Structures are given as C-alpha cells and as structure tokens.
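Reviewing the structure listed below.
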Number of protein chains: 2
Amino acid sequence: MSQTVDRALSILPLLAQGPADLGQVAERLGVHKSTALRLLRTLHEHGLVYRQQDQRYRLGARLFALAQEAVENLDVREIAHPHLVELNESCGHTVHLAVYEEQEVLYIDKVESRYPVRMYSRIGKPVAITVAAVAKLLLADLSEPERRAVAEKLDYPMYTSRSTPNAGAFLKELTVVREQGWATDLGGHEESINCVGAPIRGADGRVVAAMSVSAPNVVVTAEELLTLLPLVRRTADSISREYSGTTRPKKA
Amino acid sequence: MSQTVDRALSILPLLAQGPADLGQVAERLGVHKSTALRLLRTLHEHGLVYRQQDQRYRLGARLFALAQEAVENLDVREIAHPHLVELNESCGHTVHLAVYEEQEVLYIDKVESRYPVRMYSRIGKPVAITVAAVAKLLLADLSEPERRAVAEKLDYPMYTSRSTPNAGAFLKELTVVREQGWATDLGGHEESINCVGAPIRGADGRVVAAMSVSAPNVVVTAEELLTLLPLVRRTADSISREYSGTTRPKKA
DNA sequence: ATGGGTGTTGCACATGATGCAACGACGACT
DNA sequence: AGTCGTCGTTGCATCATGTGCAACACCCAT
C-alpha cells in the first residue's frame, strides 16, 4: 500500500538469504541505486540492517531484540510455560507450544529434557505444517472454508512415507482431529519421532495455541507415548482454564 | 532519511512494548490515523505486524523467521558452535558466544549444561555491556577513540558492588583486557556468577566475536573457574584459526 | 434511538521520494 | 605508475506518493 515502505521491507527477506551490496539490493528491488541507498540507510538507523566491514549489508541486531520482545509479550506463552515445564518433568520428553498466524504455524516455546539443544534453532521457525500434531490442532479449529483455502495452498512434502500426501488427506485428518480434540504425528515428519498434542482454548472456546509431547521411537514406542495423552490433555486444559481466566473475552 | 519508512519502522519498537490499536499508534507516531493505517497495512503485508482478534496490532511472526535466518547466516556462529559444545562437555558450564554491533553486544549462541533453561530468553538480548567478560573483549579491540566514545555514552548501572562504576574504570579495564588477551567478570553482573572469556579473531587479527564460560559461585569458586582459562583460550584460538581459514580477508 | 468510540475510504494538495548524472574513492589490471 | 572499471555517494529537478482532512461505516454502551 505504501510503495516506499513496501520496497524498504522487501529488502529484509532479501538480506535474510545472505549479505548483499548496494548494487545487488538495487537490482533485486528494481530501483535506482540512490533509492536503495536511502532505504538501506533508513533501515540501518533503525538497526534492522547492519553494514559489515566489506560494506555489504546484512540483517541487524535489533531484529533479535524485537523478535525477543514480541515472543515475551505473548500471554499464552507466559501462562503456559510453567505447565509445560511441569509436564516435561513428569514425562521427561520434549514439550512444544505453538500458535497459528497468517497461514503459518510456529513454535513459541519448547522445553527439552535431555540435551541442551540449541533451542532457538526451532523457536520461531515455521513448523512442518502438514504433519505436525500442533499444526493439525491449530488448523482444525479454523472454519471449514478457511481450512479448505489453506489446505489448497499448502505444499505436501513427503518427509517420510507417513507424511500427509495431499490436501484431501489433510482435510480429512483435520476433521478427525477436530472431533476427537487431540492429534498425533506418528513418524510423519521424521521417521523415528512421534508426537501427541492437545489444543489450548480461550474463553470463547476457540483454539489459541497447541501443545505437544515428542519422543523418538528408541525411547518409547508410539503406543507408550499415547498413554501420555490423558496427561497432555489435562495439562492443556489447565492452561486453557488459566488463560480464559486472565483474558477478558472481547467477543461473544 | 526516508520519512515514510522511518515512521513505519518506528512502529515496531512501539509494538514491541505490547499490542496497540490504530489510534494509539497514530498518536504515538504523531501522524494522522489514516497515515498510520496505511503504514500498518504495509507492515502487515510483510508479516512484520499481526492483527489480533480484538483488532489491535502486535509484532508478527515473520520477525522471528527473519531473526532466525539472520543468526543462521552468521558464519562465526556456525564455525564456533561445535567448539562451544565440546568445551561445554569438558567443563560442564554454560558457554556463551557474543558479537559487537552498533554499540551493542549481543549473544548469538549459548550452550547450557544442566537445566533446560529457556535459552531464547538470552540469545539476541543485549548483554550488560559494562560488566560482561565478552563485552570487555569486544570493546577492547576497538580503536582508542572509538573506545572512549562508546565508554562515554554508556550507562554504568551498579548491578552489584563489583560492577564497573564509570567510564574511567571501564576504559582502564579495557586496556588491561586488551593487553592480556582475556577477560573476566567476577560477580559484576550477578553477585554469585563469575565468567572467564577469550576473544575470537579473524584473519586480520581483529576481534570478530568473544566467548565465555560462566558458572555460579556455588558450583565453583572464582579461582577454580580461572583454572579453565587456558582451555577457554585454546578453544577460542581453535575457532579463530578455523574462521580465518574459511574467511578470505578483504582488508590488509 | 442516540451518542461516542472505533476503523475505513476518497480526494486535493504539496511534501517528500525518485532517478538522473556527475563526482569521488578505491582496486585491478596492464 | 597510469588508466580504466566498479562501487558508493551527493545535489538536484520532476512529479509520483504519501499526507491529512472530512465524511462515512460500524460496533457497542447508554
């Protein structure tokens, strides 16, 4: 809508692919060098873009700070976190929390049991939307036309032989998930990893987030993991209750 | 430099403090509502801003994705990570990696030993620049006038009684660090926590990053932690060598 | 019904963004 | 050493673009 801003913002994803010099930016934006320069300078002033020694531009530090603050302001996360930790302590597996936004599902919290894995490598990263348990839960709550629209637009990469193959299968799965109120991912993303998840609902009953427990085959079988389902659902419900309590419903 | 973009970008930190509605944004920007609307729409199209059910705006998901990709493109981090893990395994303490950028020092990697702490609460967050070992290392490498300029501009919060009290003390400390090639933070940020750090240098000898090992008093005394210094320095040097090898020096 | 509070649209104006061309700095190549 | 080529930078004239206004549409509360 605003051409100037539009152009400026287009620089960010461009630089996300790697550093670029002024000429490259101008070219890929389709504008004159001087224009690109001014945009970059403005981005620079706001710390979104950084100029390294070789004069090339790359994404800047303020982006982290912003993403940081953004995630910390999500009240669902705030409320859910202690519950996630508790669940993790009682079952020992990895626990995820995710939300849906603009056709994307992304993790906003994670509690990992054993290894001190680089957690940020996941947080913020888009989830494998067609197979993850949390993704199914979040999408299942959309209205039927919305679900259909999203399902059509998605790609269906076959991570494994048990990945969701196409839109039809996905919609069907969503219907099941919607009715049963929980979801699984049995080796659909990585052959040896299974997940069980449950939805977190706001005061109006709509799904605002989803959580899941993941564990590799080598630790527990899928059947064993499924025995955790009641516990997962209880946890999700606790979070829902607490969240509904603090949040004053704006809608009917 | 570009007024429109400048205004648009000013919205981001504003929203970082919490969701806001159109009126609030317009007011705090000092522009007409319709202007704010157009800016927000543009930000929205790029996914940097999200509109929640109550119509208020908050920071959007793409921000994470961008911050994500940004950090993953830092080649120092890529190279350093395995070394950090190794160091962590041999000493058991928390290991940090940080860089300097635009008068700020920020963590870009962290390996934590025991607890599955919410690691992202730190990564990307600005470091306590006047006391942290890594901050001293990074700033010590600046030219003398730069150091002075930065030191003057900083605040010197007294986190503890051993925090760096003022610019003079800080500059003095930087000189020491510069000469000895390593740095410590002995309870300067949190009373019970000590750190030892060493610089990582590029092919041209300039400090490109800094790493440190941190441990609370209750686990090891400061003296014991200092015995790790040789190991920390060796690790930093290994990273430096590897980084210098892969990076083709652009400057003399 | 009525009022105040939102968010939204269309439009006339001029501000501010644009591309050009010329300059300067630096390195490379001969 | 000299010259060419590349890249970033600047000032400027043009007019496309962003701007604020005022009116409208909407929702909720009274």
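In what follows, chains carry the letters A, B, and so on, assigned in the order in which the sequence lines appear, proteins first and then strands, with residues in each chain numbered from 1. What you are looking at is a predicted structure, and each value in this text was computed from that prediction instead of being measured.
- Within the nucleic acid shown, B/Ser34 comes within 4.0 Å of at least one base atom, counting heavy atoms only.
- Atom pair A/Arg7:CZ and C/dG19:C1' shows a separation of 10 Å (rounding to whole Å applied).
- Here the side chain of A/Leu37 is nearest to one of D/dT10, C/dT18, D/dT19, namely D/dT10.
- Classification of B/Asp204 and B/Arg206 as a salt-bridged pair fails, no side-chain N sitting under 4.0 Å from a carboxylate O.
- For A/Thr4, the listed nucleotide lying nearest its side chain is C/dA17; candidates were C/dT8, C/dA17, D/dG8.
- Counting distance only, with no hydrogens placed and no angle test, the side-chain atoms of B/Lys33 and the base atoms of C/dG7 include a donor-acceptor pair under 3.5 Å.
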Carefully, step by step, assess A/Leu84 and A/Ile239 under the rule side-chain contact (heavy atoms from CB on, under 4.5 Å).
-> CA-CA 9 Å; A/Leu84 304 185; A/Ile239 299 171; 4.2 Å; yes
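- Rounded to an integer number of Å, the gap from A/Arg38 CZ to C/dG19 C1' is 10 Å.
- Here the shortest heavy-atom pairing between A/Ala183 and A/Ala133 reads CB-O, 3.7 Å.
- Atom P of nucleotide C/dT9 and atom CG of B/Leu40 are separated by 14 Å, given to the nearest angstrom.
- Rounded to a whole Å, the CG atom of B/Asp6 is 12 Å from the P atom of C/dG16.
- We find that CG of A/Leu22 is positioned 15 Å from C1' of C/dG24, with the value rounded to whole Å.
- Rounded to whole angstrom, the span from the CG atom of B/Asp54 across to the P atom of C/dG5 amounts to 19 Å.
- Taking both residues in full, the closest heavy atoms of A/Val25 and A/Ala36 are given as CG1-CB, 4.3 Å, listed atom of the first, atom of the second, then distance.
- The separation between B/Gln24 atom CD and C/dT6 atom P is 9 Å, rounded to whole Å.
- Picking from C/dT18, C/dT8, D/dT19 the nucleotide with the shortest atom distance to the side chain of A/Thr35 gives C/dT18.
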Give DNA chain C the dot-bracket treatment, 5' to 3': Watson-Crick (N1-N3 with N6-O4 or O6-N4) or G-U (N1-O2, O6-N3) under 3.5 Å, [ ] crossing, | other strand.
-> ||||||||||||||||||||||||||||||
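- Closest to the side chain of A/His32, out of C/dT8, C/dG19, C/dG16, is C/dG19.
- Taking the six-membered ring where tryptophan is involved, the planes of A/Phe170 and A/Tyr156 are perpendicular, since the angle between them exceeds 60° and thus also 30°.
- Between B/Gln55 and the phosphate of C/dG7, there is no side-chain N or O to OP1/OP2 separation shorter than 4.0 Å.
- Look at B/Arg148 and B/Glu144 and you find a salt bridge, because one of the NZ, NE, NH1 or NH2 atoms lies within 4.0 Å of a carboxylate O, short of that distance.
- Proximity of A/Asp6 to B/His46: side-chain heavy atoms (C-beta onward) are separated by under 4.5 Å at one or more points.
- The 5' end of DNA chain D is approached more closely, in terms of each residue's nearest nucleotide, by A/Asp21 than by the other of A/Asp21 and A/Met1.
- Taking the nucleotide of DNA chain D with the nearest heavy atom to each of A/Arg51 and A/Gln3, the more 5' of the two is matched to A/Arg51.
- The side chain of A/Val31 sits closest to C/dG19 out of C/dG7, C/dT8, C/dG19.
- Rounded to whole angstrom, the span from the CG atom of A/Leu39 across to the P atom of C/dG16 amounts to 16 Å.
- For B/Arg41, the listed nucleotide lying nearest its side chain is C/dT8; candidates were D/dT19, D/dT9, C/dT8.
- The two residues A/Asp185 and A/Val131 come nearest to each other via the heavy atoms CB-O, 3.3 Å.
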